[in-house]
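Note that these values count all heavy atoms, side chains included, but never hydrogens, waters or copies made by symmetry. These numbers were taken from a predicted model, which means no experiment stands behind them.
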Amino acid sequence: MTRPERLAGRSAGDTAGEEEFDGLFRAAGVTGFLHAVDVDTGAEVAYGADESVVTASVFKVALLVEFFRQADRGLLDPAERVTIMADRHTPGPTGVAAMADDVTMSLRDLAYLMIAVSDNTAADTLVGRVGLEAVNTMLASFGLTGTRVEHDCAELFTSIVQDTGQQEMPTDPAVVSRLRVLDPARTNRSTPRETTRLLAAIWRDEAASPESCAWIRRLMGLQVWPHRLAAGFPYDDVAVSGKTGTLPTVRNEAGVVEYPDGGRYAVAVFTRSYGTAQNQPRADAVIGTSARVAVERLRALS
């Protein structure tokens, strides 16, 4: 009996599975949505996997894919050097976004910063070169009809300022409740299942050329944040490659977990917290915890 066949009827949709994820997310003070899939067999675990969710910076994975697809077609040179003027930075606490002076580097190195430290200025520079419509055309060609990138990082922050009348990220529940960037219908969005489909395509060398997919995997493996997805797999011989996303009440991560026996599992966890505090370690940690539960269920069926 194949692994997908054995999983049928034992997915996270059964009562026991739903109760387990319910308990994990509720204890962390969040509403959660999850999808995990064996990259090689298609066996899956799902919990709210087809709900439309706010991606926040997880959208940068789709941008990265289209960046390398255009490189494959000779439409851009990843080694091309560009200068970003200090007065053209998109707000953000990391990378070029946080630097005080003009910066010159290659497009490929900007892609690294966009993924490794979620640099918003790097992302918007690549958006200017790649184009959001090209990203959306690519997503549609993959059949990811529930995934769309509506705006770049600068537009996202402009929207928040317009909705709140302040430059700082809001924590007042009444203010947070009216943010357009928290409404999947009006912002960058996807579903957990579509997010893992894109990740699986990258790991199977289907999203772009094999060389470009290898570059994408390398860059996602360089992400520095250890407190979400990676926290669920604190093992020296397990590799976790991912991309986080954060907005008021939103904490996400999507990535691929690779075991030394060759097992590869794409996982996407999207959460919305009940509270509006910016520091919520339980909400961060449950991303790794729920991902580990999902992956362990898949591995138990092998």
Side-chain angles (χ1 to χ4, degrees), residues 7 11-13 17-18 20-21 24-25 28 30-65 115 118 135 139 142-149 184 187-204 206-207 216-217 219-221 223 225 227-233 239-247 250-258 263-273 283-299:
L7 186 63
S11 72
E18 289 183 356
E20 184 171 20
F21 288 114
L24 287 172
F25 290 127
V30 304
T31 300
F33 310 90
L34 175 148
H35 191 255
V37 63
D38 186 313
V39 170
D40 299 299
T41 71
E44 62 180 14
V45 170
Y47 180 84
D50 297 309
E51 293 292 325
S52 185
V53 293
V54 173
T55 54
S57 283
V58 173
F59 91 87
K60 294 169 184 174
V61 175
L63 174 58
L64 184 67
V65 169
I115 298 300
S118 205
V135 175
L139 292 168
F142 289 164
L144 305 179
T145 57
T147 304
R148 186 166 179 84
V149 183
T187 191
N188 299 342
R189 59 187 174 272
S190 188
T191 70
R193 191 187 306 275
E194 289 198 358
T195 300
T196 60
R197 283 179 59 190
L198 181 60
L199 291 171
I202 295 168
W203 259 253
R204 291 195 301 261
E206 297 170 355
I216 296 169
R217 293 192 294 269
L219 295 182
M220 292 186 67
Q223 182 184 233
W225 316 125
H227 61 307
R228 292 184 181 168
L229 187 60
F233 304 90
V240 179
S241 306
K243 181 69 199 77
T244 60
T246 308
L247 284 169
V250 169
R251 286 162 180 79
N252 308 324
E253 187 159 359
V256 174
V257 181
E258 299 177 86
R264 307 186 295 176
Y265 310 93
V267 187
V269 185
F270 296 85
T271 72
R272 288 287 299 272
S273 61
D284 290 323
V286 77
I287 293 174
T289 303
S290 61
R292 184 180 69 248
V293 168
V295 169
E296 286 178 349
R297 292 183 66 196
L298 291 174
R299 289 179 61 77

Handout entry: Donor-acceptor contact below 3.5 Å, side chain Glu258 vs main chain Ala239
Key = no
Practice task
Look at the side chain of Arg197 and the backbone N and O of Phe142, then say whether any donor-acceptor pair between them is shorter than 3.5 Å.
Solution key: yes
Problem - Short side-chain to backbone donor-acceptor contact, Arg217 and Ile202, under 3.5 Å - result: yes
Practice task
Carefully, step by step, assess Phe25 and Val269 under the rule side chain to side chain contact (heavy atoms under 4.5 Å, CB included).
Solution key: CA-CA 11 Å; Phe25 290 127; Val269 185; 4.1 Å; yes
Practice task
Answer whether the closest heavy-atom distance between the side chains of Val149 and Leu63 falls below 4.5 Å.
Solution key: no
Problem - Separation between CG of Leu199 and CZ of Arg204, rounded to the nearest 0.5 Å - result: 10.5 Å
Practice task
Please work out which of the three classes, parallel, tilted or perpendicular, describes the rings of His227 and Trp225, given edges at 30° and 60°.
Solution key: perpendicular
Practice task
Taking Thr196 for its side chain and Arg193 for its backbone only, find out whether a donor-acceptor pair lies under 3.5 Å.
Solution key: yes
Exercise for the section: Hey, could you give me the CH2/CE distance between Trp203 and Met220, rounded to the nearest 0.5 Å? Expected result: 4.5 Å
Completion exercise
One should read off an interatomic distance between Leu24 CG and Ile287 CD1, to the nearest 0.5 angstrom, of 12.5 Å
Fill in the blank from the handout: Rounded to the nearest 0.5 Å, the OG atom of Ser52 sits from the CZ atom of Phe33 at a distance of 9.5 Å
Fill in the blank from the handout: Closest heavy-atom pair, Ala254 versus Val58, reported as atoms and distance to 0.1 Å, is CB-CG1, 4.2 Å
Practice task
Specify the closest pair of heavy atoms between Ala62 and Leu139, including all atoms of both residues, with the distance to one decimal.
Solution key: CB-CD2, 4.1 Å
Fill in the blank from the handout: Between Ala46 and His35 the two heavy atoms that sit nearest each other are CB-CD2, 3.8 Å
Practice task
Begin with the C-alpha distance, continue with both residues' side-chain angles, and end with the deciding distance and a verdict on side chain to side chain contact (heavy atoms under 4.5 Å, CB included) for Leu64 and Lys243.
Solution key: CA-CA 11 Å; Leu64 184 67; Lys243 181 69 199 77; over 6 Å; no
Exercise for the section: Sort out for me which residue in Thr195, Val30, Thr31 forms a side chain to side chain contact (heavy atoms under 4.5 Å, CB included) with Phe270. Expected result: Thr195
Exercise for the section: To the nearest 0.5 angstrom, please state how far the CG atom of Leu34 sits from the CD atom of Glu51. Expected result: 13.0 Å
Practice task
Check the side chains of Arg228 and Thr271 for a donor-acceptor pair under 3.5 angstrom, ignoring hydrogens and angles.
Solution key: no
Fill in the blank from the handout: When every non-hydrogen atom of Val267 is compared with those of Ala291, the smallest separation belongs to CG1-CB, 3.6 Å
Handout entry: Separation between CZ of Phe59 and CG of Asn252, rounded to the nearest 0.5 Å
Key = 13.0 Å
Exercise for the section: Could you tell me whether the side chain of Ser118 and the main chain of Ile115 form a donor-acceptor pair under 3.5 Å? Expected result: no
Problem - Thr55-Lys60 side chain donor-acceptor pair, cut-off 3.5 Å - result: no
Handout entry: Trace of the side chain to side chain contact (heavy atoms under 4.5 Å, CB included) decision for Arg272 with Val250
Key = CA-CA 5 Å; Arg272 288 287 299 272; Val250 169; 3.2 Å; yes
Handout entry: Donor-acceptor contact below 3.5 Å, side chain Asp38 vs main chain Leu298
Key = no
Exercise for the section: Please check if the side chain of Thr191 supplies one atom and the backbone of Glu194 the other of a donor-acceptor pair under 3.5 Å. Expected result: yes
Problem - Side-chain donor or acceptor of Arg251 paired with backbone N/O of Ala285 under 3.5 Å - result: no
Practice task
Can you see which heavy atom on Ala49 is nearest to which on Pro192, and at what distance?
Solution key: O-CD, 3.2 Å
Handout entry: Verdict with supporting geometry, Glu20 and Val293, side chain to side chain contact (heavy atoms under 4.5 Å, CB included)
Key = CA-CA 9 Å; Glu20 184 171 20; Val293 168; 3.4 Å; yes
